[in-house]
K.L.:
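What follows is a structure written as structure tokens; I'll ask about it next.
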Amino acid sequence: MAAFRTVDPQSLPRHFDPSEGEGRWHHAWQEAGLYHWDENRPREETFVVDTPPPTASGSLHIGHVFSYSHTDILVRYQRMRGRNIYYPLGWDDNGVPTERRVQNLFHVRCDPTLPHDPELALEPASAKVRKKPPLVISRKNFLDLCAEVTAEDEKAFLELFAKVGLSVDWRTEYATIDARCRTLAQRSFLDLHDKGHTYTVEAPFMWDVDFQMALSQADVEDKMRPGAYHDIEFAVDGSDRSFVISTTRPELLGACVGVTAHPDDERFQDLFGQTAITPLFHAPVPIFASDKADPEKGTGILMVCTFGDQTDVEWWREQGLALRQLLGKNGRLRQVTFGDDEFPSRDADRANAVYAEIAGKNVEQARKRIAELLEDPAHSATGNGPPLQSPPRPIEHAVKFYEKGDRPLEILPSRQWFVRLLDKKDALLQKGSEIAWHPPHMESRFRDWTENLSLDWCVSRQRYFGVPIPVWYPLDAHGEPDYDTAIVATPDQMPVDPMTDVPAGYTEAQRNQPGGFAGEADIFDTWFTSSMTPQIGSGWVLDPARHKKLFPADIRPQSHEIIRTWAFYTIAKAMLHEDSVPWHHVNISGWILDPDRKKMSKSLGNVVTPLPLLEEFSADAVRYWAANARLGVDTALDESVFKIGKKLITKLWNASKFVLSQEGQPGPITNELDRAFLRELRTHVEQATKDAEAFDLARTLQDTERFFWSRFTDTYLELAKTRARDEGDPAGRDSAVTTLRFALSVLLRMFAPVLPYVTEEIWSWIYGEERGEPFIHGAAWPTAAEFDQIEAPADSGSFDLAITALAAINKAKADAEVSMGREVEHLELAGAAETMVRIEPVLSDVLLASRCHGHAVTSDDGIDVGSFQVRDARFAPRPDKK
RNA sequence: GGGCGCGUAGCUCAGUUGGUUAGAGCACCUGCCUUACAAGCAGGAAGUCCCCCGUUCGAGUCGGGGCGCGCCCA
């Protein structure tokens, strides 16, 4: 048999050079099409990933690299298991973040009523331009700028992902704003509409006054903000009786449409059914009982406004109260007149005089002024003195904000499109339970969110950059739209923009004309499109054959804070469209916290960007760091882990250099030590594979690393290295070299998903050709079957025993403060009689490894079974330095 | 206020159905240039497993209560 081909260690670089190797291998893998999904292979062999499309605006932070690495490690493992991988990558460029960047970068605002200017060419705004008011441009011009900005960001993101070594099939690249995704989102709407899951209604809804758009429950978060209770006296109509309400929203006094207290509250029994008169505006409003009023809160009796909060909306509906909308969509108080049917008043002149002071003001300004006016006894409804009973009492309370907004949300009536979900909670929960969540407790986040959902999904947004809602409305003879007979675009029209495209049966000339039609100006919520990422990959209605092969996906990787949005909506869509789960598994990555365990955020200024880390420590080392974190566990950023990764890479490099430079021939593995070692390796392969199959790649890595370091380089390799060079024992040498090379090939493959570059580099020296597997990432993950030809050791504990004996001799050397390489002239190895019998088959390797030239063995049953004592060690003199 | 998670060596973290003396790496201390590797090797020191109560022959692990931290939601 031919001798092993070997490497010349002198000709190899001292270390792996990632700055050169990463780019080289990236290109080699691309050229070989290693990441390509093969559409001809059957579904059972396929592993489909539903990759998160990152928001392509701004910059990535280290948390992205962390979670995308987790996915890639899993994917590379599955690829080595022989699966046909579908691993796409897209960009979520819809929505507010992009619009904001464009507005800031070019200092522009969008006005959809303006005509398109094809000549418009803008540069990023200079400081001088920024001092002027923003340039107002058409919708199409605005969208062009959005596309321009996202394209640049996507390029930078893509380069970073390539550097990290993500093994995505780059042919699949998509953007949620591209024509295909727009079509799919609009087809989704059509399907939901046909199935009766959508509706449009004008209703009070959460509204951001800066963005001037409606929001869904998932977009909203509570923030603690200072506020103040204002105690204000109301009169009771036709009575001397009065009462004091407590409110944090005095500026809405003019929008008061009722007063309520708890039905069991003794203090107010006489008031229910009476009419109250508000101060300042002298408006008559009904007093009613409601068990939603909390007797403990404030004074126990409160005013109902249209609309101060969500409970006001409920009272308004249940009691059939009047609608007095004071606040405009821009967040300022509208011009209204008291004394008419909409805003009744017992003293219209005074009311209008007061209102004139606050009309046009924003909420904060109005609140301040109203508080001042309430101190004037002239405005009292009772004649008892100032309506404000005492100076406002400051409190800290939760206020609802749009997650990207700076001012509190208001509740305003507006027309919106909804997807009906509240009637499907049980079915959604059922779907959630059919999915395997990793770690399992993350399912409870989905469950909690779904159970507590209180609003249908508002899918319309008053924005520009996004997928248009594909509907038109017929206009009646007065030019008023009929929302109940919305015209939905047909599939052949999609992607459609109802603001420029025309519905069937109409002409452009009829746009916005009585008897004609009007296009829907709103776009979809970003999640409406990104909740379809599995269908975007599969093609869904656009490619049913492909869809069948790629849907449902196998795995959805994502982080935990968007379980309530991305995971939730994706599950909802798959259920509504096809009564299916969107994927079989969800992998939840934890978060990267800063070293003080604080969440990274721009406002705290503690965001860490990945590029410097990748350059300092290499992609492999960064991936090693990511791979060490278990799923779902938040991890503090600790650079020492990168260093450990770097050490591991160097160790792999050096050990491989040694192993692959040993000369010998493929031979039968005859030696007891070799067999015992390989038996351990086999056990490790089985366990590590079991963990990987359970998505616990972190454990696979940790155990493989431990095995590599403490069972291979520090021990087996040391024990076998002298024999591997022993020309006087060809059989023993071939057994050792064959074992070393086989073991290294197994370990390299087990590290390959985590450390793709250095393992590929090493693989290419010898193994690629020798094994006929040119790339390690196309090679087979090791299995127990590969060990079947290797005979079992006579004693499964003999490897362990050899290590123990070597350690005992090493300790003697350490105690004597001599080097591990010091020759030993003679020593006595003592152990229990049973131990000494068992050590015999591997003793020669132990003595060779410890450079022991003379020895005696002693049975001493006073020593614990399995351990050794080294006695009378005599070391050779230290050789002269050359 | 509710849900979920976390609390183990100075630091970052393992610790599987309860089972000898609780582990790793980093940092620290002592040696050692040894024919793959000083980005290394050998040896060493270091813990009230957050606290209390309980179940058990036995608790880091299970149950109850409390404290602290994080995220999500009211």
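Lettering follows sequence order; numbering is per chain, from 1. For the numbers below, each heavy atom of this structure counts, side chains included, while hydrogens, waters and symmetry mates do not. Here the structure is a predicted model, which means the values were calculated and not measured.
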K.L.:
Which part of the nucleic acid does T650(A) contact within heavy-atom distance under 4.0 Å: base, sugar-phosphate only, or nothing?
P.N.:
base

K.L.:
When you get a sec, tell me which of rU34(B), rA39(B), rA36(B) is the closest nucleotide to the side chain of K646(A)?
P.N.:
rA39(B)

K.L.:
The side chain of K811(A) is closest to which nucleotide in this list: rC37(B), rG44(B), rC41(B)?
P.N.:
rG44(B)

K.L.:
Please report the distance separating the P of rC71(B) from the corresponding atom of rC32(B), rounded so that it comes out in whole Å.
P.N.:
50 Å

K.L.:
So does F4(A) get a backbone contact from the side chain of E663(A), meaning a donor-acceptor N/O pair under 3.5 Å?
P.N.:
no

K.L.:
rA36(B), rC32(B), rA42(B): which one has an atom nearest the side-chain heavy atoms of S819(A)?
P.N.:
rC32(B)

K.L.:
Using a 4.0 Å heavy-atom cut-off across all strands, classify W709(A) as base, sugar-phosphate, or nothing.
P.N.:
sugar-phosphate

K.L.:
Both distances under 3.5 Å, Watson-Crick or G-U wobble: report the partner of rA24(B), or none.
P.N.:
rU12(B)

K.L.:
Separation of E561(A) atom CD from rC71(B) atom P, in whole Å?
P.N.:
11 Å

K.L.:
Between K400(A) and K721(A), which has a closest nucleotide on RNA chain B that is more 5'?
P.N.:
K721(A)

K.L.:
Between F16(A) and W653(A), what is the ring plane arrangement, given parallel below 30°, perpendicular above 60°, and tilted in between?
P.N.:
tilted

K.L.:
Let's see if you can work this out: which of rU35(B), rC72(B), rC26(B) has an atom nearest to the side-chain heavy atoms of W591(A)?
P.N.:
rC72(B)

K.L.:
K651(A) near the nucleic acid: base, sugar-phosphate alone, or nothing, with a heavy-atom cut-off under 4.0 Å?
P.N.:
base

K.L.:
Do the side chain of R623(A) and the main chain of V754(A) share a donor and acceptor less than 3.5 angstrom apart?
P.N.:
yes

K.L.:
Between H262(A) (side chain) and G300(A) (backbone), is there a donor-acceptor pair under 3.5 Å?
P.N.:
no

K.L.:
Which residue, N628(A) or V818(A), contacts RNA chain B at a nucleotide closer to its 5' end, judged by nearest heavy atom?
P.N.:
N628(A)

K.L.:
Among the candidates rG31(B), rA42(B), rG15(B), find the nucleotide nearest to the side-chain atoms of E817(A).
P.N.:
rG31(B)

K.L.:
Considering just the side-chain nitrogens and oxygens of R14(A), establish if one lies under 4.0 Å of OP1 or OP2 belonging to rA38(B).
P.N.:
yes

K.L.:
Answer yes or no for this row: H441(A) ring on rG5(B) base, centroids under 5.5 Å, planes under 30°.
P.N.:
no

K.L.:
For rG23(B), take OP1 and OP2 only and decide whether either is under 4.0 Å from a side-chain N or O of R706(A).
P.N.:
no

K.L.:
Considering Watson-Crick and G-U wobble pairs with both distances under 3.5 Å, what does rU35(B) pair with?
P.N.:
none

K.L.:
Roughly how many Å is it from CE in M820(A) to P in rC32(B), rounded to a whole number?
P.N.:
10 Å

K.L.:
Determine the contact category for S710(A): base if any of its heavy atoms lies under 4.0 Å from a base atom, sugar-phosphate if only primed atoms, P, OP1 or OP2 are that close, otherwise nothing.
P.N.:
nothing

K.L.:
Considering every strand and a 4.0 Å limit on heavy-atom distances, what is the contact class for I649(A): base, sugar-phosphate, or nothing?
P.N.:
nothing

K.L.:
What nucleotide, of rG3(B), rA36(B), rA42(B), holds the atom closest to the side chain of A814(A)?
P.N.:
rA42(B)

K.L.:
From the options rG23(B), rA36(B), rC73(B), select the nucleotide whose nearest atom is closest to the side chain of W449(A).
P.N.:
rC73(B)

K.L.:
Would you classify E705(A) as touching base, sugar-phosphate or nothing, given that sugar-phosphate means primed atoms plus P, OP1 and OP2, and contacts are heavy atoms under 4.0 Å?
P.N.:
nothing

K.L.:
Need the pair for rG47(B). Rule: Watson-Crick or G-U wobble, both distances under 3.5 Å, any strand; none if unpaired.
P.N.:
none

K.L.:
When you compare rG10(B) with rC50(B), how far apart are their P atoms, in angstrom units rounded to a whole number?
P.N.:
13 Å

K.L.:
NA contact type, K643(A), heavy-atom cut-off 4.0 Å: base, sugar-phosphate, or nothing?
P.N.:
nothing

K.L.:
Please find out if less than 6.0 Å separates the ring center of W625(A) from that of F66(A).
P.N.:
yes

K.L.:
When the C1' atoms of rG60(B) and rG40(B) are considered, how many whole Å apart are they?
P.N.:
35 Å

K.L.:
Under the 3.5 angstrom rule, does the side chain of Y68(A) hit a backbone N or O of P52(A) as a donor-acceptor pair?
P.N.:
yes

K.L.:
Think K813(A) has a side-chain N or O under 4.0 angstrom from the OP1 or OP2 of rG31(B)?
P.N.:
no

K.L.:
What does N452(A) touch in the nucleic acid at a heavy-atom separation under 4.0 angstrom: a base, only the sugar-phosphate, or nothing?
P.N.:
nothing

K.L.:
Just the rounded figure in Å: distance from P of rC26(B) to CG of L637(A).
P.N.:
18 Å

K.L.:
Check the orientation of H585(A) and F695(A). Use parallel for under 30°, tilted for 30 to 60°, and perpendicular for over 60°.
P.N.:
tilted

K.L.:
Nearest to the side chain of S640(A), which nucleotide is it out of rU16(B), rC26(B), rA36(B)?
P.N.:
rC26(B)

K.L.:
Do R822(A) and rU34(B) share a donor-acceptor pair, side chain to base, under 3.5 Å?
P.N.:
no

K.L.:
Rounded to the nearest Å, what distance is computed from the CD1 atom of residue I644(A) to the C1' atom of nucleotide rG40(B)?
P.N.:
16 Å

K.L.:
With both distances under 3.5 Å as the test, what is the Watson-Crick or G-U wobble partner of rC6(B)?
P.N.:
rG68(B)

K.L.:
Between rA36(B), rA39(B), rC72(B), which nucleotide has the shortest distance from any of its atoms to the side chain of R445(A)?
P.N.:
rC72(B)

K.L.:
Scan every strand shown for a Watson-Crick or G-U wobble partner of rC62(B), both distances under 3.5 Å, and answer none if you come up empty.
P.N.:
rG54(B)

K.L.:
With rounding to the closest Å, how many angstrom separate the C1' atoms on rG23(B) and rC33(B)?
P.N.:
31 Å

K.L.:
Any chance you could lay out the side chain to side chain donor-acceptor pair (under 3.5 Å) test for E705(A) and Y624(A), step after step, and finish with the verdict?
P.N.:
CA-CA 11 Å; E705(A) 185 184 9; Y624(A) 168 85; 2.7 Å; yes

K.L.:
Could you measure between the two P atoms, the one in rC57(B) and the one in rG66(B), and give it in whole Å?
P.N.:
28 Å

K.L.:
R5(A) side chain to W765(A) main-chain N or O, any donor-acceptor pair under 3.5 Å?
P.N.:
yes

K.L.:
Roughly, in whole Å, what's the span from CZ in F446(A) to C1' in rG5(B)?
P.N.:
19 Å

K.L.:
Could you check whether the side chain of E718(A) and the base of rA36(B) have a donor-acceptor pair of N or O atoms closer than 3.5 Å, going by distance alone?
P.N.:
yes

K.L.:
What interatomic distance, in whole Å, is found between C1' of rA74(B) and the corresponding atom of rU48(B)?
P.N.:
38 Å

K.L.:
With respect to the phosphate group of rC26(B), does any side-chain polar atom (N or O) of K647(A) fall under 4.0 Å of OP1 or OP2?
P.N.:
yes

K.L.:
Round to the nearest Å and state the distance from D703(A) atom CG to rG15(B) atom C1'.
P.N.:
11 Å

K.L.:
For D864(A) and rU20(B), give me the distance from atom CG to atom C1', rounded to whole Å.
P.N.:
12 Å

K.L.:
Can you figure out which of rA39(B), rA42(B), rC71(B) approaches the side chain of D714(A) most closely?
P.N.:
rA42(B)

K.L.:
Could you state the atom-to-atom distance from CG of L719(A) to C1' of rA36(B) in whole Å?
P.N.:
16 Å

K.L.:
Parallel under 30°, tilted from 30 to 60°, perpendicular over 60°: which one fits the rings of F446(A) and F568(A)?
P.N.:
tilted

K.L.:
Which whole number of Å gives the distance between the C1' atom of rA9(B) and that of rG47(B)?
P.N.:
5 Å

K.L.:
When you compare rA36(B) with rC41(B), how far apart are their P atoms, in angstrom units rounded to a whole number?
P.N.:
14 Å

